[in-house]
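The sequence lines fix the lettering, A, B, ..., with proteins before strands; numbering per chain opens at 1.
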Amino acid sequence: MNQQPSAPAADAPADPSAPDAAVVTVADLAADLPFERYDVPEDEARAERLYRLRHSAAHVMAEAVVELFPTAQVATGPAIEHGFYYDFDLPRTLTPDDLTTIERRMKKIIKRNFRFQRAEVSVAQARKLFTDANQTYKLEVIDSIVDKHAPETLSLFRQSKFVDLCAGPHVSGTKTCRYFKLERVSGAYWRGDSDRPMLQRIYGTAWESKEDLDAYLHFKEEAKKRNHKRIGTELDLFHFNKLAPGACFWTPRGYTVYQEFLSYWRESHKERGYQEIYNPMLYKKDLYETSGHYQHYKKDMFILEADHTEYCLKPMNCPDTFLFYTSKRRSFRELPLRVSEGGVLHRNELTGALNGLFRVRQFTQDDAHIFVTEAQVQDEIAELLDISREVYALFGIDYRFALSTRPEKFMGEPELWDEAEAALQSALDANVGSGNYKLNPGDGAFYGPKIDIELTDCLGRKWQCGTIQLDFQQPINFDMKYVDTDNTAKRPIVIHRAIFGSFERFLGILLEHTAGALPTWLAPVQAVVVPISDKINDYAWQVHAWLKQAGVRVEVDERNQKMGYKIREAEMNKVPYMLVVGAQEAEAGTANLRTYRDGKRGEISVEQIAGEISLAIQDRTFDVTIEPLRSFEDADSVVEGDAQEY
RNA sequence: GCCUAUGUAGCUCAGCAGGUAGAGCACUUCCUUGGUAAGGAAGAGGUCACCGGUUCAAGUCCGGUCAUAGGCUCCA
């Protein structure tokens, strides 16, 4: 084989000690501009201070990158939750080694504590500056600022040898940014537009103290341990296979959990007057033309052909539930008509968007549609708020309601919107209390206002799962009617609602929230009997039979191992109840109880243990201790669900 | 779909100057018959994601495909 002489590669990192003389940086060109001392106000709130710090860290990082790549084009670099990022257009892609190099250079800059300085220049001056420096992204930023605000001047910030178009604010000196860490490189479209160039984005985190930084890094580690995909493997609940990307394979244990979940859902909704129907999964495209999904949602649907006709795998339950409604004449006496259809849904999510149970291509929503008269809206909403509360209390998860109102683009009559919004609002005021819910003006669906439910898990992350939406549009599309008391046909309103969002996603959240230690009623194995030696196996099976009779999912670990080993195994499998039995217990008809939550409990009669477990199952007690990790999430960042739009 | 990284036993990972695979756990068998998070020994288990190329020789280098992760975009 030919040994290539080790010539420097064309794309090797630039040597900063010998910068290309031809490259003129913004800082060089801005040397004569009127930069002034920049003072930071005292007594600022922590959030503001962090914002300054992180935004400044982004500038420091940009300086380090420009040092390394003098021809780099810099795009934008804001402060974000936990840190900052900056986007660059670079001559080559960055490697993990580059990140280390950049970090080292940043530390040098930080150590010298360069002051941030500010200059105000005319728009023309700014344009010339960035044109001469060949910074095209900045020019585009200037253009959009001018379009939007038509300012007379623009501000520049400088620290050391880096000058950036920037409104600020910043810290006074670079040393304030010293508790930082670069986290990762990724691609990001310029202006978030997938038709524009892909830039390289470097993410970093920055804090006010070493303790904060360490705590944050620790938090990230803990969060990683709780990843539901990891727990799913550890507890043998589900797996994924490349032959069905984005679809979950539930194992016997996992499917047990899933079924328990479904049973609860069925039971609780049946009690509240819901009727369950079961519809087809495959429809001619005409259905979705009627609903409008074919026009607007086609790229997310799986479409196949048979009999020279296009068929669609249903991506949501609404349209086919409407076929149920219109399948016969409806009377006002039937309303409110509460119909649930937990069908299997398919959505052709982009491969890059798939994420464990959080974002799948096949899933089931705890979906239901309620057909109501206008007068019934408010009571029905109150009822839904009540169910939501019941459900979330069961899982020990914090939640908050949010009202989203008419967006700029909407369908239907504004008067109807106003009425509907008023109905939602008064239901919220009456049942949740005014001020106890969030307002998202203009965030409603185009077909109606909605109430979203945001969950907060023990990692402080927010999730949008449940949603209650009013829909005036589909009743028209499907020409839904009911015969009213005066014998005339009237148009019902549809309420779309989901509490969990999707079972898959909610289970994923629950697994992370509980770190896999599910409440007894959901646990795949609720109790394990641990005989101390195989001489006790007969009694162990006797205990097994007693518990089984009490409706407990119980196993016997009769492997030829020491009990310490079996206990360890049961602990790692997060089995709520462990019943240790030896000669003594066999004699007395007892078991030595150990629980996942409370540890060793001592010798108790099997009857009593069986009673305790079966009560926990029956009541669906949330018998789990959640130790909340210190939260690093900001108040208003919500991870959006896949169940929010219909 | 786009960017970057990753893909070796059921799991977690090592091996990478190219010379035809290794650990721990899990599993099987045997010994041990034990009091609340790992007793001992032996054994079995892998087309190194897949396809193609370079080479006498590829887990290792190159190209492509698929999947996964983190982002971006999307989530009427």
Side-chain angles (χ1 to χ4, degrees), chain A residues 1-4 80 85 87 90 93-96 98-99 183-203 220 224 227 229-230 232-236 239-246 251 288 291-301 315-316 347-356 358-361 407 409 411 445-447 464 473 530-537 559-573 578-585 591-596 599-603 639-646:
Chain A
M1 178 185 159
N2 277 347
Q3 286 294 339
Q4 292 288 339
I80 52 169
Y85 69 77
D87 288 345
L90 300 174
T93 54
L94 294 168
T95 64
D98 290 325
L99 225 55
E183 295 185 294
R184 58 183 174 269
V185 189
S186 70
Y189 297 112
W190 169 235
R191 303 243 131 157
D193 183 342
S194 55
D195 294 329
R196 307 294 306 265
M198 167 103 20
L199 306 172
Q200 296 189 67
R201 174 173 296 179
I202 306 177
Y203 283 95
K220 294 293 270 190
K224 221 190 218 170
N227 184 297
K229 284 159 268 179
R230 182 181 175 145
T233 303
E234 282 170 1
L235 300 188
D236 191 19
H239 67 273
F240 290 91
N241 190 296
K242 68 187 321 191
L243 294 175
T251 63
Y288 299 104
S291 69
H293 289 102
Y294 191 81
Q295 295 84 326
H296 299 288
Y297 202 71
K298 189 178 174 188
K299 66 176 178 21
D300 289 296
M301 301 204 292
M316 66 278 298
R347 295 186 185 178
N348 192 5
E349 302 286 352
L350 293 177
T351 52
L354 300 176
N355 178 10
F358 289 163
R359 192 76 175 270
V360 281
R361 281 181 167 163
K409 278 189 180 170
M411 292 185 126
F446 76 92
Y447 46 72
Q464 191 201 299
Q473 194 54 39
V530 176
I532 247 160
S533 85
D534 53 16
K535 290 176 190 156
I536 317 294
N537 282 0
R559 287 177 303 173
N560 182 9
Q561 284 290 351
K562 291 198 169 180
M563 58 162 299
Y565 179 92
K566 298 179 190 177
I567 296 279
R568 178 169 189 269
E569 184 112 325
E571 284 282 340
M572 290 196 307
N573 283 325
M578 290 158 267
L579 289 80
V580 177
V581 293
Q584 191 184 321
E585 288 81 7
N592 216 301
L593 181 64
R594 179 188 171 109
T595 66
Y596 184 81
K600 201 172 167 179
R601 292 250 308 262
E603 199 177 329
V639 185
E640 300 217 327
D642 46 16
Q644 58 183 321
E645 298 287 339
Y646 291 84

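The side chain of A/Y565 sits closest to B/G39 out of B/G39, B/A37, B/G34.
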Give each protein N/O atom lying under 3.5 Å from an N/O atom of nucleotides 59-68 of chain B, with the pair distance.
unit_1: B/C66; atom_1: O2; unit_2: A/K242; atom_2: NZ; d: 3.3

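At a cut-off of 3.5 angstrom, the base of B/G1 holds at least one donor-acceptor pair with the side chain of A/Y189. Under 3.5 Å, the side chain of A/R184 and the base of B/C3 form no donor-acceptor pair of N or O atoms. In terms of polar N and O atoms assigned as donor or acceptor, the side chain of A/D193 never comes within less than 3.5 Å of the base of B/U73 in a complementary pairing. A donor N or O paired with an acceptor N or O is not found under 3.5 Å between the base of B/U73 and the side-chain atoms of A/S194. A donor N or O paired with an acceptor N or O is found under 3.5 Å between the base of B/G35 and the side-chain atoms of A/E585.
Close to B/G34, at under 4.0 Å from its OP1 or OP2, lies no side-chain N or O of A/Q561. Contact annotation: A/R559 reaches the phosphate of B/C27 (side-chain N/O to OP1 or OP2, under 4.0 Å).
As judged by a 4.0 angstrom heavy-atom cut-off over every strand, A/K299 is placed among residues touching the sugar-phosphate backbone only. Among the atoms of the strands shown, base atoms are found under 4.0 Å from some heavy atom of A/A583.
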Intra- and inter-strand pairing of RNA chain B, written as dot-bracket with Watson-Crick and G-U pairs under 3.5 Å and | for the latter, reads (((((((..((((.....[..)))).(((((.......))))).....(((((..]....))))))))))))....
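Rounded to a whole angstrom, the distance from the C1' atom of B/C48 to that of B/C31 is 36 Å.
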